[in-house]
Number of protein chains: 2
Amino acid sequence: MPGQQQRKPTSAINQQPLADFKVGVDNVIFSVDITENRLLVLLVMRQQEPFANYWSLPGTLVRQGESLEDAAYRIMAEKIRVNNLYLEQLYTFGGPKRDPREACDSYGVRYLSVSYFALVRFEDAQLITDGVTGVAWYPVKDVPQLAFDHNEVLNYGNCRLRNKLEYSPVAFDVLPKMFTLNDLYQLYTTVLGENFSDYSNFRARLLKLGFLYDTGVKVSRGAGRPASLYQFDADAFAPFKDKPLVFI
Amino acid sequence: MPGQQQRKPTSAINQQPLADFKVGVDNVIFSVDITENRLLVLLVMRQQEPFANYWSLPGTLVRQGESLEDAAYRIMAEKIRVNNLYLEQLYTFGGPKRDPREACDSYGVRYLSVSYFALVRFEDAQLITDGVTGVAWYPVKDVPQLAFDHNEVLNYGNCRLRNKLEYSPVAFDVLPKMFTLNDLYQLYTTVLGENFSDYSNFRARLLKLGFLYDTGVKVSRGAGRPASLYQFDADAFAPFKDKPLVFI
DNA sequence: CCAAAAGTGTTTGAATTACACCCATGG
DNA sequence: CCATGGGTGTAATTCAAACACTTTTGG
């Protein structure tokens, strides 16, 4: 931060004037469609240059008096209506040349992007679409080429999701309030890959921890024995908070 | 990033003009003094307002044509001369009001800080002090009140260090090239607290992994049996790369 | 010889792995 | 009744915690 050097310049760059920035916030918003077992990311179609008609992560430029996180929430509010929401800062991308507007714009304004990582429940998330702006859930497996460096940002978000699944209970922020243990397992396999753990071991481990409450409600999906619907009990999880708990 | 909304404004903030930012980079630079078993952080004494005569994290404002990481390296180069260096982005602090200059400065320029996390070897790090600017290693245990929100940033860096020690081989970036297993153990205890593991178990676990090479050189520190000096073998560690390896 | 620090080993219990097996339902 | 998915149990193995013990130095 602003510990500006005003001593004898030690190198050429110290003579350079300070860069002026516009700061953007981009959200990597994940969800999961339980019925299709697909990891989804929210994309919007850009209406104007640069990258008009490209899909991109929903983002905005930060306005006066607005904090970064406020901006992140504002985008959410403009694109989807949600009850439950998990949000945390992801990474800041700030190299020169990452936004083509820097070139045209000869005043030398730089564009910097602070990305946020969000998780919402698919069932609860209602997309706000005005018929003009395209907003859509895209399966992460087949996102197209995105605007700016957004493929890179998305990729980074995916890594974060993978890591968080392993040691924190974020799964319950994407799953419906009530879910079967298979739903949970499928989520882990789709994100972490097929061979992270055996189902019965996964099941046994999670149940032993005691923060999954069996509602007793049964649900049948096609053939086979009906499954119990479980709920995550945040209070029962509390003791595990910031302990090196391992879900995998 | 800049997916600026130009549709019908949905709320008042959308009418607000965009904020203009100066972007600062602040480094949390850790090291360890093996002889004293102390975790150190590099601080500089501020020469000018705001917060003149306060200690602060070494930082600078980003200049034209300079990437964030370049700026982080530039600060390093101005304050210390190092061979080995580990550097990664930490977090971006960007609320309004976090820098007092925003108030005086009525043009509404915001100051945003992208913090970086760095590890250097104490023995290799030569402080560049011109006799005017104060630069010093401070034991993390007793850092004073710092400028801006730097105590918070430092704290965040400390958490990152703690986490990274548990699953990645960053310890070998702060330790001298050759170290005793006790040096390594002491580093873990000073950062993670006394009771993270028993010494003999820690030792056995690490040696079994096979990426610590016994140089055969013995070193005697006062009374007691002399210890072997070990070296980290990055090649032998390669297979463990991005595996959920646990050092604790 | 004794204290102090380095280094080795052993015992015990828990956790992980890889399975085989039983249960309930739709067709 | 049988295929399908849900759910339980168990033996083998690995791993971790606690602690006792041996080795090598300085004084």
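Remember, it's a predicted structure, so these values are computed and weren't measured experimentally.
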Salt-bridge contact A/Glu78-A/Arg74 (side-chain N to carboxylate O under 4.0 Å): yes
Residues A/Asp183, A/Arg221: salt bridge by 4.0 Å N-O rule: yes
Is B/Arg81 atom CZ crowded by more than 12 heavy atoms from other residues, nucleotides or ligands, each under 6.0 Å away? no
Can you give the dot-bracket line for DNA chain D, using ( ) for pairs inside the strand, [ ] for pairs that cross earlier ones, | for pairs with another strand and . for unpaired bases, where Watson-Crick and G-U count if both distances are under 3.5 Å? |||||||||||||||||||||||||||
What integer distance in Å separates [X]:[atom1] from [N]:[atom2]?
| X | N | atom1 | atom2 | answer |
| --- | --- | --- | --- | --- |
| A/Leu229 | D/dG6 | CG | C1' | 13 Å |
| A/Asp214 | D/dG6 | CG | C1' | 12 Å |
| B/Phe196 | D/dA16 | CZ | P | 13 Å |
| A/Asn182 | D/dG7 | CG | P | 8 Å |
| B/Phe202 | C/dA6 | CZ | C1' | 15 Å |
| B/Ile248 | D/dA16 | CD1 | P | 9 Å |
| A/Tyr199 | C/dA18 | OH | C1' | 17 Å |
| A/Lys208 | C/dT16 | NZ | P | 7 Å |

Closest-nucleotide mapping onto DNA chain C: is A/Arg205 or A/Gly224 further toward the 5' terminus? I mean the 5' end. A/Arg205
Do the rings of A/Phe202 and A/Tyr188 sit parallel, tilted or perpendicular, given the 30° and 60° boundaries? tilted
Where the side chain of [X] is defined as all heavy atoms beyond and including C-beta, which of [options] is the nearest nucleotide?
| X | options | answer |
| --- | --- | --- |
| A/Asn201 | D/dC19, C/dG26, C/dT17 | C/dT17 |
| A/Ser220 | C/dG7, C/dG26, D/dG26 | C/dG26 |
| A/Pro226 | C/dT25, D/dG5, C/dC19 | C/dT25 |
| B/Arg225 | D/dG26, D/dT24, D/dG5 | D/dT24 |

Measuring centre to centre across the rings, with the benzene-like ring taken for any Trp, is A/Tyr73 within less than 6.0 Å of A/Tyr116? no
Which part of the nucleic acid, if any, lies within contact of B/Ser200, taking any heavy atom under 4.0 Å across all strands shown: a base, the sugar-phosphate backbone alone, or nothing? base
With heavy atoms under 4.0 Å as the rule, sort B/Arg203 into base, sugar-phosphate or nothing. base
Before giving the answer on ring pair (Phe, Tyr, Trp, His ring centres under 6.0 Å), spell out for A/Phe232 and A/Phe211 the whole-Å C-alpha distance, their side-chain angles and the decisive distance to 0.1 Å. CA-CA 6 Å; A/Phe232 175 64; A/Phe211 50 73; 5.7 Å; yes
Is there a donor in the side chain of A/Thr180 and an acceptor in the side chain of A/Asn182, or the other way round, less than 3.5 Å apart? no
Starting at the 5' end of DNA chain D, which residue's closest nucleotide do you reach first, B/Asp198 or B/Gly222? B/Asp198
